[in-house]
Amino acid sequence: MENINELLNRINNDLKNALSEKRYKHSLGVMKKAEELALIYGIDINTAKLTGLAHDIGKEFSDEEMLKYVKENNIQVDNVEAVNVGLLHAKIGADICKKKYNFTIEMQNAIKYHTVGNENMDLLAKIIFVADKTEEGRNYKDEAKNEQLQKVRELSKKNLDEALLYEIDSSLIYTIQKHKLVHTDSILTRNKLLKDGANK
Ligand SMILES: [Fe+2]
Ligand SMILES: [Fe+2]
């Protein structure tokens, strides 16, 4: 992999072109949060920063662009992604980062799993998932959602699995209340966390 600062700069410049101001700031926020969590949980800081920064690189493709990208790059679309095309930004982001920045499989997987989760998430993937949901720029108009956000922020400093479980539970409840499709990977992730002993 090229020099870390050169690579961070290159991704940073690409994001400025690919994303709105708001999403660009979110990306910087996720990088910062991923760095904090990497320090707490003892994983490589540069890996966490790079992955956090780049995680939403495919987020602002239109549905048509996403469908074109997956077709041209042989990315499999599951039955939930076929309906909620926007979810594909995770797989697309991972593919872009592999081809453009030579990201490792571990970093690609963390990006792939950052939206609905995956039962095989490792520490980096969990950190990126939680950083995405808790970065400092995030806040909600809805008071209940803001309370949940504070709770996940608190938990993330002490127990990453419990933060992740709480976040997944909250978003599953929300998704069900809105009568939207639930991705089976979120359920499998939740069950895995419970089996592994998370209980908040
Ligand atoms: Fe995302
Ligand atoms: Fe994000």
Side-chain angles (χ1 to χ4, degrees), residues 8 11-12 14-38 47-63 65-67 69-70 73 75-78 80-101 103 106-118 121-142 145-146 148-150 152-153 156 160 163-164 166-168 170-172 174-175 178 180-183 185-186 189:
L8 280 168
I11 297 171
N12 191 52
D14 289 348
L15 290 178
K16 277 188 193 163
N17 291 323
L19 302 178
S20 62
E21 178 73 16
K22 188 175 167 238
R23 183 94 44 205
Y24 172 66
K25 282 190 179 151
H26 163 72
S27 305
L28 295 180
V30 176
M31 174 172 75
K32 189 167 166 243
K33 196 72 184 177
E35 182 179 12
E36 278 172 40
L37 294 173
T47 304
K49 282 176 76 175
L50 287 165
T51 313
L53 180 65
H55 81 286
D56 266 344
I57 195 158
K59 177 80 180 179
E60 292 185 1
F61 282 25
S62 66
D63 282 6
E65 286 169 330
M66 289 203 195
L67 292 169
Y69 189 97
V70 292
N73 293 277
I75 294 171
Q76 292 230 314
V77 179
D78 68 35
V80 179
E81 290 162 344
V83 179
N84 295 338
V85 174
L87 290 175
L88 284 169
H89 83 272
K91 285 181 181 170
I92 291 172
D95 194 68
I96 293 173
C97 289
K98 171 187 168 187
K99 290 169 182 165
K100 258 186 136 171
Y101 313 125
F103 272 21
E106 186 200 17
M107 293 159 87
Q108 292 169 44
N109 282 341
I111 294 178
K112 233 183 250 179
Y113 302 156
H114 87 268
T115 344
V116 295
N118 187 283
M121 286 167 107
D122 62 8
L123 203 44
L124 175 67
K126 290 175 180 177
I127 282 175
I128 298 304
F129 190 101
V130 171
D132 181 37
K133 310 301 178 289
T134 59
E135 58 98 359
E136 268 165 38
R138 260 204 209 271
N139 61 67
Y140 299 103
K141 288 197 184 93
D142 184 310
K145 283 188 92 176
N146 252 336
Q148 283 167 2
L149 172 63
Q150 295 310 333
V152 183
R153 278 193 182 131
S156 70
L160 195 61
L164 191 58
Y166 189 87
E167 171 62 35
I168 290 176
S170 308
S171 84
L172 279 173
Y174 181 80
T175 309
K178 293 272 169 195
K180 290 190 176 162
L181 291 181
V182 165
H183 200 290
D185 281 344
S186 299
T189 309

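Remember, it's 1-based here, ligands and their atoms both numbered in the order they're listed. As the structure is a prediction and not an experimental result, all values here were calculated from the model.
- Judged by distance alone, the side chain of Q108 and the main-chain N or O of F103 form a donor-acceptor pair under 3.5 Å.
- Protein-derived N/O/S atoms nearer than 2.8 Å to the Fe ion (ligand 1) total 3, waters excluded.
- Within the structure, salt bridge (Lys or Arg N to Asp or Glu O under 4.0 Å) contacts touching residues 20-31 (residues at least two apart or in different chains) are E21-K25, R23-E60.
- Salt bridge annotation for E35-K32: absent, with no cationic side-chain nitrogen under 4.0 angstrom from a carboxylate oxygen.
- By the 4.5 Å heavy-atom criterion applied to side chains, N139 and N146 are counted as neighbours.
- Side-chain contact check for F129 versus E167: some heavy-atom pair is nearer than 4.5 Å.
- Between K91 and V70 there is no side-chain heavy-atom pair separated by less than 4.5 Å.
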